[in-house]
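One structure is given here, and the rest of the page talks about it.
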Amino acid sequence: MRAHGYTLRGMSSTQPQDDPLRRLLETGTDEEIVLVLAGRNPQAVADVLEDMPEAVRQRAFEALGTLSQARVLREIEDEDAREDVIEAIADDDLADILEAQRSDDAADLIDELPPERRERVLAEVEPERRAEIRELAGHDPETAGGIMQTELLRLAHGLTVSQAIEVVRREYSPRMGDLHDVWVVDDLGRVKGRVRSRQLLTTEPSARIGDIMVRDVLTVPVSMDQEDIADLVQDYDLTTVAVVDAGERLVGRIMVDDILDVVQEEATEDAALQAGTTPEDVHSRAVGLTVRARLPWLVATFAGGLVTIYLITSLEADLVKRVTLVPAVIPIIAGMSGNVGTQAASVTVRGIAVGEVDYGRVGKVIWKELSSGLVFAGFFGLLLYLYVLLVLPQLKAVDWLGHEPAWVALVPSVAILCTILSGAAMGTLVPLTLHRFGRDPAVASGPFITTMNDVVGISVLAVIVRLLLA
């Protein structure tokens, strides 16, 4: 997630058209470009490159060294800019970038390539590294195996602190990034504990790692869903998470920055689904992808609208025959039930996403939403009753068609009461049901619930008319 308007190491995140840096990237030599970009934060460089014309972006990126390219490419979020940069990189240069990147970033990058180019690039990568990337790329991208990095340090519990520091110095690689935790394993590679990197610097050199390590270590299997891992990190305030295979052997670690990416990704996915589209549509500027992502939901909404039209036209003569007021209240009944349903769905989906809603407490969740719906229904039912009975006749002559006004005013009031309750029920039960059957509950809100509430609202109104004005 990118903040705007701040200044990072002398570089503003908002680059005006006459910015000196922009002019330098457009007209400067490769040496000048390297000098001005080399000391800057990779995210800041990525922000600048995203705003550049394609030709300037490519030239500036090519001027960077391989390690800088690897770091900057990781931070380029704009899909079009990222695609342009990757396409312009020669296969052998891209292979060098893969070898310089963290394993999880390399696996993500290789997944972005078309199959033919993927094989060409991997053929240029050192065999051991190639096998590592292939293994990571083979995991489901939304599991622990799909977001972990394999670069980490392992220590034997029998080492002294001074010996452990020598291991760190000898085996550390720049690809590892920040250490935070160093994992302590047994002879079979199973996690027995962890030590913070700062402990190695502040503890007596002769102390044993086994004596200072934290033994209560949380590990996750490679198959665990990334959303569940994000919940664990939030609950336990972790900076890194150890990933183990079926034999409980340490195979990777997940950093907190990867978890933040997961949180943002899941939030984007939920927001997109609630709006009736896809996460890819949110990030893409391609018209074709936008149409493909949104069209199915819009077709479903359109079909629901056709059902509503059919109900109104088939019932209108009968409704008007009984009292001309009834068709006029259709919009407010459908609108209120739709809003209540969408609110209930949003709260329920959010509760499921953050782990606040589980099936041990599902009864309380349903009761809370239905109780709230009952309060809303009673309040707005009373308001509508008073409006129809007391205010509406003063605005326009109402033809009650021989019915008692006080009795007729009950029709829209009872109808809005019933439809608000049904909206609250659907907004709560539909997401819970979808989640129960392994579907993303976010698809329940937005177009789906709104359209369903329209159909239910018209049907309920027709039933109430027949019951009260028969």
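Keep in mind that what you see is a predicted model, and the values were worked out from it rather than measured. The basis for the numbers below is simple: all heavy atoms, side chains too, and nothing from hydrogens, waters or symmetry mates.
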Test salt bridge (Lys or Arg N to Asp or Glu O under 4.0 Å) on R82 and E79 and set out the steps. CA-CA 5 Å; R82 183 176 176 85; E79 287 200 0; over 6 Å; no
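- In this structure, M224 CE and I147 CD1 are separated by 10.5 Å, a value rounded to the nearest 0.5 Å.
- For the atom pair CE of M176 and CG of L153, the computed distance is 4.0 Å after rounding to the nearest 0.5 Å.
- In this structure, the side chain of D178 does not engage the main chain of H180 through any donor-acceptor pair within 3.5 Å.
- Side-chain contact between T419 and N453 is absent, with no heavy-atom pair separated by less than 4.5 Å.
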Residues 89-100 side chain polar contacts: donor-acceptor under 3.5 Å, at least two apart:
unit_1, atom_1, unit_2, atom_2, d
D91, OD1, R117, NE, 2.9
D91, OD1, R117, NH2, 3.4
D91, OD2, R120, NE, 2.8
D91, OD2, R120, NH2, 3.4
E99, OE2, E126, N, 2.7

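- By the 6.0 Å contact criterion, CD1 on I332 is open, its count of non-hydrogen atoms from other residues, nucleotides or ligands being 12 or less.
- With hydrogens and angles disregarded, no donor-acceptor distance shorter than 3.5 Å links the side chain of R253 to the backbone of D181.
- For the atom pair CE of M148 and OG1 of T143, the computed distance is 8.5 Å after rounding to the nearest 0.5 Å.
- Within the 4.5 Å cutoff, the side chain of I33 has heavy atoms near those of the R59 side chain.
- Here the CD-CG distance, from E248 to D186, works out to 10.5 Å after rounding to the nearest 0.5 Å.
- Proximity of a side-chain donor or acceptor of Y172 to a complementary backbone N or O of V167 within less than 3.5 Å is not detected.
- Looking at L73 and I86, their side chains come closer than 4.5 Å, going by heavy atoms from C-beta outward.
- Looking only at distances, a side-chain donor or acceptor of E50 sits under 3.5 Å from a matching main-chain atom of E77.
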Validation: residues 131-139 side-chain donor-acceptor distances under 3.5 Å, sequence neighbours left out:
unit_1, atom_1, unit_2, atom_2, d
E132, OE1, R129, NH1, 2.7
E132, OE2, T150, OG1, 2.8
R134, NH2, E119, OE1, 2.9

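- In this structure, E54 does not pair ionically with R57, as no charged nitrogen and carboxylate oxygen lie closer than 4.0 Å.
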Below 3.5 Å, can you tabulate the donor-acceptor pairs from side chains in residues 200-217 to any protein atom, sequence neighbours excluded?
unit_1, atom_1, unit_2, atom_2, d
T202, OG1, R198, O, 2.9
T203, OG1, Q199, O, 2.6
R208, NH1, G158, O, 2.5
R215, NH2, G210, O, 2.8

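- When atom types are taken as modelled, the side chain of Q343 and the backbone of G427 share no donor-acceptor pair closer than 3.5 angstrom.
- When side chains are defined from C-beta on, I366 counts as touching L429, because their heavy atoms get closer than 4.5 Å.
- A donor-acceptor pair is defined here as one N or O able to donate and one able to accept, closer than 3.5 Å; no such pair exists between the side chain of R40 and the backbone of V45.
- Residues V241 and L232 form no side-chain contact, since every pair of their non-hydrogen atoms from C-beta on lies 4.5 Å or further apart.
- Side-chain contact check for S346 versus T342: some heavy-atom pair is nearer than 4.5 Å.
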